[in-house]
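Since the model is a prediction, treat every value here as computed from it, not as a measurement. All chains are named by letter (A, B, ...) in the order of the sequence lines, taking the proteins before the strands, and each is independently numbered beginning at 1.
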Number of protein chains: 2
Amino acid sequence: MRALKYAILGLLIKRPMTGYEIAKEFSYELAEFWYANHSQIYPELKKLTSEGHVVFNIEISGDILEAKRYTITDKGIKDFTQWILKDENLQRTPKDIFRLRMYFSNNLEVGSRIHLLENQRLQHVNRLNTLKKIFEQYLEVPSASSDRFGDFLVLRGAIMREENYIAWIDECIMYSKENPQTSPK
Amino acid sequence: MRALKYAILGLLIKRPMTGYEIAKEFSYELAEFWYANHSQIYPELKKLTSEGHVVFNIEISGDILEAKRYTITDKGIKDFTQWILKDENLQRTPKDIFRLRMYFSNNLEVGSRIHLLENQRLQHVNRLNTLKKIFEQYLEVPSASSDRFGDFLVLRGAIMREENYIAWIDECIMYSKENPQTSPK
DNA sequence: ACTAAACATGTATACATTGACATGATTCGT
DNA sequence: ACGAATCATGTCAATGTATACATGTTTAGT
């Protein structure tokens, strides 16, 4: 499947980048649906180079500090274009440890269950607020052909996802309070 | 972290099960937020046995077909109880290939983009309908102490998640139609 | 002059996960 | 009696991912 390959190629279509810059991209908006740290990125870039999907040239900062700036090749663009066009079956639903906890939550007394839910809620609210702040920077919907359109869509998706998760937690809290039990299990 | 360990222990608290039965559980509701196939489950059960978290006894069907029925030990219950009680920081947002595609969707012409979105939409609608049919079986909210309460919460969560994903896709379709471009990139 | 943060690239080890390979028994329908 | 579906358990190789190890430079602030 090699999704990381296409994530990197997609970034390099926008502009040539170093491995370090690619890693940074993954820690901004992109992290809302994809992530890789540098220990995965550098080997992948090496592989992409040997496959002819990218080429690099070395830039020097200061006296000796080298950075490899990678550019996507025609072969890379062609491969990426085929990938992005391809219909795809639904992935398996992503794993979610908190949902796993809630699935087994009958093993908890009401107090503990609600504590866990409130804690999780707070974290999602914080994330939501961060996302909303980033979203405020878009004063209008970017043109569908600009590469900021993709950023806009996934950021909107991330906000909706967080709002929905919070709504689910609220339902869980409500049901737990409505329906108290004396002792667990 | 060993989430699979706790997923298995949680199931075994409900009742003793064979590896085969555990694998089956992962392909029903549980698959909405966790999954493992038998090639992961059997080794994990072996490990849990050697750690003293579970024990098994062999059942024979017919003449010779052996099945190992695993039972959780006191040590296993204690370990699970500590785990379920523990507060947890948010996981990294799960990877989502379709969102990755949409992030790079400025490389597509409007027609292709909408085709991909419609295709994905259909698949989510199908999944949603399946989930709703399962949900109809709950004529009332199960008691918070019954082990069907967890099933109920995560099933409700899965329905909300699918509805929300479809709403996001609809927004993407709307923005793509509102904001057409002549040629990609 | 010093220092902290950011720039920059790599490797290694362990763990998690997938899909294929491998084998065979039992049950249910026709 | 036959065949298909289900029951049942395991290993292996490849891939993917996380965390730590490892090293050194440059820049911006004080």
Side-chain angles (χ1 to χ4, degrees), chain A residues 1-8 11 16-28 30-31 33-51 54 56-70 88-97 100, chain B residues 1-8 11 16-28 30-31 33-51 54 56-70 88-97 100:
Chain A
M1 199 230 318
R2 296 191 61 190
L4 178 60
K5 167 183 169 182
Y6 295 106
I8 290 176
L11 288 173
M17 293 171 95
T18 67
Y20 187 84
E21 286 170 347
I22 291 170
K24 257 203 310 186
E25 285 293 316
F26 281 119
S27 50
Y28 298 146
L30 208 59
F33 57 90
W34 208 265
Y35 183 79
N37 56 36
H38 76 273
S39 63
Q40 230 187 319
I41 292 166
Y42 290 120
E44 185 66 36
L45 283 169
K46 196 178 254 184
K47 199 175 176 188
L48 289 172
T49 305
S50 76
E51 290 167 343
V54 300
F56 66 87
N57 58 306
I58 292 175
E59 283 177 3
I60 310 261
S61 323
D63 287 328
I64 52 163
L65 186 61
E66 295 189 351
K68 295 179 182 167
R69 189 162 299 274
Y70 288 88
E88 198 188 13
N89 292 326
L90 250 45
Q91 298 174 253
R92 176 142 34 234
T93 306
K95 296 183 174 186
D96 184 330
I97 292 181
L100 185 66
Chain B
M1 200 231 318
R2 295 193 63 190
L4 177 61
K5 168 183 167 181
Y6 295 106
I8 290 175
L11 288 173
M17 293 171 92
T18 67
Y20 187 84
E21 285 169 348
I22 291 169
K24 259 201 310 186
E25 285 293 315
F26 281 119
S27 50
Y28 298 145
L30 207 58
F33 56 91
W34 208 266
Y35 181 81
N37 57 36
H38 77 272
S39 63
Q40 230 187 320
I41 292 165
Y42 289 120
E44 186 65 38
L45 283 169
K46 196 179 254 184
K47 199 175 176 189
L48 289 172
T49 304
S50 75
E51 290 167 344
V54 300
F56 66 86
N57 59 306
I58 293 173
E59 283 178 4
I60 311 260
S61 322
D63 285 329
I64 52 161
L65 185 61
E66 294 188 353
K68 295 178 183 169
R69 187 161 300 274
Y70 289 87
E88 199 188 14
N89 293 327
L90 249 47
Q91 297 175 251
R92 177 145 27 240
T93 306
K95 297 183 174 184
D96 184 330
I97 292 181
L100 185 66

Look at the side chain of [X] and decide which nucleotide, out of [options], has an atom nearest to it.
X       : options                : answer
B:Ala67 : C:dA8, D:dA8, C:dG10   : D:dA8
B:Asn37 : C:dG19, D:dG16, C:dG10 : C:dG19
A:His38 : C:dT26, D:dA20, D:dT9  : D:dA20
B:Tyr42 : D:dT26, D:dG10, C:dA25 : D:dG10

Report yes if a side-chain nitrogen or oxygen of [X] is closer than 4.0 Å to either non-bridging phosphate oxygen (OP1 or OP2) of [N]; otherwise report no.
X       : N      : answer
A:Tyr20 : C:dT9  : no
B:Lys46 : D:dT9  : no
B:Lys95 : D:dT17 : yes
B:Lys24 : D:dT6  : no

Checklist entry - Is the base of D:dT27 touched by the side chain of A:Ser61 through a donor-acceptor pair closer than 3.5 angstrom? => result no
Checklist entry - Does any N or O donor sit under 3.5 Å from an N or O acceptor when you compare the side chain of B:Ser39 with the base of C:dG19? => result yes
Next on the checklist: Tell me whether A:Glu59 contacts the main-chain N or O of A:Glu66 through its side chain, where contact means a donor paired with an acceptor under 3.5 Å.
Outcome noted: no
Next on the checklist: Strictly distance-based, threshold 3.5 Å: is any side-chain N or O of B:Gln91 a donor or acceptor partner for the main-chain N or O of A:Ile97?
Outcome noted: yes
Roughly how many Å is it from [atom1] in [X] to [atom2] in [N], rounded to a whole number?
X        : N      : atom1 : atom2 : value
A:Tyr6   : D:dG16 : OH    : P     : 11 Å
B:Glu66  : D:dG10 : CD    : C1'   : 13 Å
B:Met1   : D:dT17 : CE    : P     : 13 Å
A:Tyr35  : D:dA18 : OH    : P     : 8 Å
B:Leu100 : D:dG16 : CG    : P     : 14 Å
B:Glu44  : D:dT11 : CD    : C1'   : 16 Å
B:Lys68  : D:dA8  : NZ    : P     : 14 Å
B:Met17  : D:dA8  : CE    : C1'   : 14 Å

Item to check | Within-4.5 Å side-chain heavy-atom neighbours: B:Lys68 and B:Met17 | outcome: no
Next on the checklist: Quick check on DNA chain D: between A:Gly62 and A:Gln40, whose nearest nucleotide comes earlier from the 5' end?
Outcome noted: A:Gln40
Checklist entry - Which residue, B:Pro43 or A:Ile64, contacts DNA chain D at a nucleotide closer to its 5' end, judged by nearest heavy atom? => result B:Pro43
Checklist entry - Where each residue is assigned the nucleotide of DNA chain C containing its nearest heavy atom, which of B:Lys47 and A:Leu65 is assigned the position nearer the 5′ end? => result A:Leu65
Next on the checklist: To check you understand the geometry: which heavy-atom pair defines the closest contact between B:Tyr35 and A:Lys95, and what is its length?
Outcome noted: O-NZ, 2.8 Å
Checklist entry - For the residue pair A:His38 and A:Pro43, what are the closest heavy atoms and their distance? => result O-CD, 4.1 Å
Checklist entry - Just checking, B:Arg69 and B:Phe56: is the charged tip under 6.0 Å from the six-membered ring centre and within 45° of the axis? => result no
